[in-house]
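First up is the structure itself, then whatever we jot down about it.
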Amino acid sequence: MIRFLRRIWQAAPVATVILALALTASVFFGARVISRAIYWNDPAHQEQAIEPWMTPGYVAQSWRVPRETVGDALDAFGARPARPMNFDRIAAESGIPVADLIAATEAAIAAFRATEGAE
(Lines give C-alpha, C1' and ligand atoms only; values in the text may rest on other atoms or scores of the structure.)
Protein backbone atom coordinates (compact mmCIF):
# COMPACT_ATOMS: atom_id res chain seq x y z
CA MET A 1 0.00 0.00 0.00
CA ILE A 2 2.82 2.38 0.87
CA ARG A 3 4.57 1.55 -2.41
CA PHE A 4 1.40 2.30 -4.34
CA LEU A 5 1.02 5.67 -2.63
CA ARG A 6 4.65 6.57 -3.29
CA ARG A 7 4.29 5.57 -6.92
CA ILE A 8 1.18 7.67 -7.56
CA TRP A 9 2.71 10.57 -5.61
CA GLN A 10 5.82 10.48 -7.78
CA ALA A 11 3.78 10.14 -10.97
CA ALA A 12 1.27 12.92 -10.23
CA PRO A 13 1.53 14.75 -6.91
CA VAL A 14 -1.22 17.30 -7.69
CA ALA A 15 -3.65 14.61 -8.80
CA THR A 16 -2.82 12.59 -5.68
CA VAL A 17 -3.67 15.54 -3.44
CA ILE A 18 -6.91 16.15 -5.34
CA LEU A 19 -7.80 12.47 -5.04
CA ALA A 20 -7.09 12.47 -1.31
CA LEU A 21 -9.24 15.58 -0.79
CA ALA A 22 -12.08 14.10 -2.85
CA LEU A 23 -11.98 10.84 -0.89
CA THR A 24 -11.93 12.72 2.42
CA ALA A 25 -14.91 14.85 1.40
CA SER A 26 -16.80 11.78 0.20
CA VAL A 27 -16.28 9.98 3.50
CA PHE A 28 -17.23 13.06 5.53
CA PHE A 29 -20.43 13.86 3.64
CA GLY A 30 -21.37 10.19 3.30
CA ALA A 31 -21.08 9.70 7.06
CA ARG A 32 -23.13 12.84 7.61
CA VAL A 33 -25.93 11.65 5.32
CA ILE A 34 -26.00 8.23 6.95
CA SER A 35 -26.04 9.63 10.49
CA ARG A 36 -28.91 12.01 9.67
CA ALA A 37 -30.88 9.24 7.98
CA ILE A 38 -30.49 7.03 11.03
CA TYR A 39 -31.46 9.87 13.39
CA TRP A 40 -34.61 10.94 11.52
CA ASN A 41 -35.80 7.38 10.86
CA ASP A 42 -35.85 6.64 14.58
CA PRO A 43 -39.52 6.71 15.66
CA ALA A 44 -38.54 8.59 18.81
CA HIS A 45 -37.62 11.62 16.68
CA GLN A 46 -40.75 11.63 14.55
CA GLU A 47 -43.70 13.82 15.50
CA GLN A 48 -42.19 14.85 18.81
CA ALA A 49 -44.24 17.16 20.99
CA ILE A 50 -43.12 20.70 20.23
CA GLU A 51 -41.00 22.13 23.05
CA PRO A 52 -39.30 25.50 23.59
CA TRP A 53 -35.78 24.14 22.94
CA MET A 54 -36.65 23.09 19.38
CA THR A 55 -35.94 25.19 16.32
CA PRO A 56 -38.55 25.68 13.59
CA GLY A 57 -36.42 23.61 11.21
CA TYR A 58 -36.22 20.75 13.70
CA VAL A 59 -40.00 20.81 14.12
CA ALA A 60 -40.53 20.80 10.35
CA GLN A 61 -38.19 17.83 9.97
CA SER A 62 -39.72 15.93 12.89
CA TRP A 63 -43.28 16.44 11.65
CA ARG A 64 -42.31 16.00 7.98
CA VAL A 65 -43.86 19.24 6.82
CA PRO A 66 -42.29 21.96 4.65
CA ARG A 67 -40.30 24.57 6.57
CA GLU A 68 -42.60 27.22 5.11
CA THR A 69 -45.49 25.74 7.08
CA VAL A 70 -43.73 26.41 10.37
CA GLY A 71 -42.36 29.73 9.09
CA ASP A 72 -45.84 30.91 8.11
CA ALA A 73 -47.08 30.15 11.64
CA LEU A 74 -44.29 32.36 13.01
CA ASP A 75 -45.04 35.05 10.42
CA ALA A 76 -48.51 35.42 11.91
CA PHE A 77 -46.76 36.90 14.97
CA GLY A 78 -44.09 38.69 12.95
CA ALA A 79 -41.58 36.42 14.65
CA ARG A 80 -39.83 34.57 11.81
CA PRO A 81 -36.13 34.64 12.73
CA ALA A 82 -33.40 35.53 10.24
CA ARG A 83 -31.12 32.86 11.68
CA PRO A 84 -31.75 29.51 13.38
CA MET A 85 -33.14 30.04 16.88
CA ASN A 86 -35.21 27.93 19.20
CA PHE A 87 -38.82 28.76 20.05
CA ASP A 88 -37.86 30.01 23.51
CA ARG A 89 -35.45 32.58 22.08
CA ILE A 90 -37.84 33.59 19.28
CA ALA A 91 -40.55 34.21 21.87
CA ALA A 92 -38.21 36.21 24.12
CA GLU A 93 -37.00 38.43 21.27
CA SER A 94 -40.52 38.96 19.93
CA GLY A 95 -42.17 39.51 23.29
CA ILE A 96 -44.67 36.70 22.67
CA PRO A 97 -45.41 33.83 25.06
CA VAL A 98 -43.71 30.66 23.86
CA ALA A 99 -46.95 28.71 24.41
CA ASP A 100 -48.65 30.92 21.79
CA LEU A 101 -45.89 30.22 19.25
CA ILE A 102 -46.09 26.50 19.89
CA ALA A 103 -49.89 26.50 19.65
CA ALA A 104 -49.78 28.42 16.36
CA THR A 105 -47.17 26.00 14.99
CA GLU A 106 -49.27 22.99 15.99
CA ALA A 107 -52.32 24.56 14.33
CA ALA A 108 -50.34 25.23 11.14
CA ILE A 109 -49.12 21.63 11.05
CA ALA A 110 -52.67 20.34 11.57
CA ALA A 111 -53.98 22.63 8.81
CA PHE A 112 -51.23 21.50 6.43
CA ARG A 113 -51.98 17.85 7.14
CA ALA A 114 -55.71 18.43 6.63
CA THR A 115 -55.16 20.06 3.24
CA GLU A 116 -52.49 17.53 2.27
CA GLY A 117 -54.89 14.66 2.91
CA ALA A 118 -57.60 16.36 0.84
CA GLU A 119 -55.39 16.47 -2.27
Side-chain angles (χ1 to χ4, degrees):
M1 179 68 159
I2 301 279
R3 285 184 192 168
F4 174 73
L5 293 175
R6 280 188 189 152
R7 189 176 54 170
I8 64 170
W9 177 258
Q10 289 173 352
V14 173
T16 304
V17 170
I18 291 171
L19 176 65
L21 291 173
L23 290 173
T24 302
S26 296
V27 169
F28 173 77
F29 289 112
R32 192 170 161 190
V33 165
I34 291 169
S35 69
R36 287 185 179 194
I38 290 169
Y39 182 85
W40 288 113
N41 283 317
D42 181 2
H45 297 121
Q46 295 175 5
E47 296 188 9
Q48 287 181 293
I50 301 173
E51 297 186 24
W53 63 265
M54 295 178 176
T55 64
Y58 184 94
V59 171
Q61 185 73 31
S62 178
W63 285 85
R64 297 182 192 261
V65 297
R67 287 179 182 242
E68 293 80 33
T69 302
V70 178
D72 292 344
L74 298 177
D75 277 343
F77 293 99
R80 184 183 285 207
R83 61 188 192 283
M85 290 192 286
N86 61 27
F87 280 99
D88 201 25
R89 189 156 183 205
I90 294 168
E93 289 188 7
S94 301
I96 303 164
V98 71
D100 291 350
L101 286 178
I102 291 173
T105 303
E106 289 170 343
I109 291 170
F112 175 80
R113 293 242 168 120
T115 59
E116 181 185 60
E119 293 177 357

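FYI, side chains are in, hydrogens and waters are out, and symmetry mates aren't considered; it's all heavy atoms of this structure. Position 1 is the first residue of the sequence, and the numbers go up from there.
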Val70, Asp75, Leu74 screened by side-chain contact (heavy atoms from CB on, under 4.5 Å) with Asp72, the one that passes: Asp75

With sequence neighbours excluded, residues passing ring-ring contact (aromatic ring centres under 6.0 Å, His included) with Trp40: Tyr58

Rounded distance (nearest 0.5 Å) linking atom [atom1] of [X] with atom [atom2] of [Y]:
| X | Y | atom1 | atom2 | answer |
| --- | --- | --- | --- | --- |
| Arg36 | Ile34 | CZ | CD1 | 13.0 Å |
| Arg89 | Thr55 | CZ | OG1 | 12.5 Å |
| Thr69 | Arg64 | OG1 | CZ | 14.5 Å |
| Asp88 | Glu51 | CG | CD | 11.0 Å |
| Ile8 | Thr16 | CD1 | OG1 | 4.0 Å |
| Met1 | Arg6 | CE | CZ | 13.0 Å |

Heavy-atom side-chain contact between Pro56 and Ile90 under 4.5 Å: yes

Flag side-chain contact, heavy atom, 4.5 Å: Asn41 against Ile38: no

If you group Ile, Leu, Val, Met, Phe, Trp and Tyr by side-chain heavy-atom gaps below 4.5 Å, do [X] and [Y] land in one group?
| X | Y | value |
| --- | --- | --- |
| Trp9 | Leu21 | yes |
| Val17 | Phe4 | no |
| Trp53 | Ile109 | yes |

Closest approach of Pro52 to Val98 (non-hydrogen atoms, all atoms of both residues): CB-CG2, 4.0 Å

Shortest non-hydrogen separation from Ala73 to Ala108 and the atoms involved: CB-CB, 3.7 Å

Ser62 side-chain N/O to Glu47 backbone N/O, donor-acceptor pair under 3.5 Å: yes

Main-chain N/O of Ala91 paired with Ser94 side-chain donor or acceptor, under 3.5 Å: no

CA sep, side-chain torsions, deciding dist, call: Phe87, Val59, side-chain contact (heavy atoms from CB on, under 4.5 Å): CA-CA 10 Å; Phe87 280 99; Val59 171; 3.5 Å; yes

